[in-house]
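When reading the values below, keep in mind they use all heavy atoms of this one structure, side chains included, and skip hydrogens, waters and symmetry mates.
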Amino acid sequence: MCTMARLRLSSLMTLLGAVFFLSANVMAASAVLGVDLGTEYIKAALVKPGMPLDIVLTKDSRRKETSAIAFKPTPGGIKEGDDPAAGGKGTPLRAPGAPPVPESEIQRENITTETIYNCIAAPDPEAIKQIMSTLLNTSDVTSCLNTINSIKRLQGLALADVITALAEELTKLDVNPEVMITWLEGLAEIEHRVAGGGNEVLQTGAVVGVVRSGVELMSR
């Protein structure tokens, strides 16, 4: 009787061990997707066991997407005379029976360069030039940090986007190879730390330090 009980217990322990082993493997192979749904932009991050935080890129290789609502038209498209309010069969653009909105009350936003860059969540070249000019000509670290943080906040930019655009602008400068290597190596290392989940405040300060180090080399 005792032997049978031990055999049953041993079989049960083996089964539980197998279940635990399989579940552990499943958990180890799983990943978690986090979505930040904001009023203006959407971001997503993927976390995998043994891997650093990975920002999910959009189809345009951006780290964020503009929050928007899309209306799907009818298969044949909306044609003249299809207004449902007038008895047509098109997609309703206003409640049936509601009076049309007078042209004078329709507010249209002018499309500017700033509007375009904000829509695609890309740094405005003029803003990047302002950041670069501040970093190259201002030795005050606080002023440099305030400029970068202000532009990031106003345009909703990620530090990684700023680093990429800043590196492109710096490569256009005519400087000696030692300075250029200092800039590009330093920015590449910072970008790697940001992609790995590094603190963005600290890495912003590191960007200032890298560029200013190159400026000091230029003055020697």
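- Going from atom OG1 of T204 over to atom CD1 of I190 covers 9.0 Å, rounded to the nearest 0.5 Å.
- The structure places CD of E200 at 8.5 Å from CG of N149, a figure rounded to the nearest 0.5 Å.
- Linking ILVMFWY side-chain heavy atoms closer than 4.5 Å, directly or via other members, places M218 and V141 in a single hydrophobic cluster.
- The CD1 atom of I163 sits 11.0 Å away from atom CD of E189, with the distance rounded to the nearest 0.5 Å.
- Note on V215: it clusters hydrophobically with L173, by side-chain heavy-atom contacts below 4.5 Å among ILVMFWY residues.
- Atom OG1 of residue T138 and atom CG of residue N146 lie 11.0 Å apart, to the nearest 0.5 angstrom.
- Taking both residues in full, the closest heavy atoms of V162 and K152 are given as CG2-CG, 4.0 Å, listed atom of the first, atom of the second, then distance.
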Between side-chain atoms of residues 128-135 and protein atoms elsewhere (two or more places apart, or another chain), which donor-acceptor pairs fall under 3.5 Å?
residue : atom : partner : partner atom : Å
S133    : OG   : N137    : ND2          : 3.3
T134    : OG1  : Q130    : O            : 2.9

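- Between E168 and K172 there is no salt bridge, since none of the side-chain N atoms of the basic residue sits less than 4.0 Å from a carboxylate O of the acidic one.
- Under the rule for a side-chain contact (heavy atoms from CB on, under 4.5 Å), the partners of A45 that lie at least two apart in sequence or sit in another chain are L53, I55.
- Using a 4.5 Å heavy-atom cutoff, the side chains of D161 and T164 are not in contact.
- Distance OG/S143 to CD1/I148: 10.0 Å, rounded to 0.5 Å.
- Not a single donor-acceptor pair under 3.5 Å links the side chain of S150 to the backbone N or O of T147.
- Looking only at side-chain heavy atoms (C-beta outward), L166 and W183 stay at 4.5 Å or farther from each other.
- Of all heavy-atom pairs between A44 and L33, the closest is CB-CD1, 4.1 Å.
- Minimum interatomic distance between T182 and V210 (heavy atoms only, all atoms of both residues): O-CG1, 3.7 Å.
- Residues N176 and M180 form no side-chain contact, since every pair of their non-hydrogen atoms from C-beta on lies 4.5 Å or further apart.
- For A127 against I151, the heavy-atom pair with the smallest separation is O-CD1, 3.6 Å.
- Taken to the nearest 0.5 Å, the CD atom of Q203 stands 11.5 Å off from the CD atom of E191.
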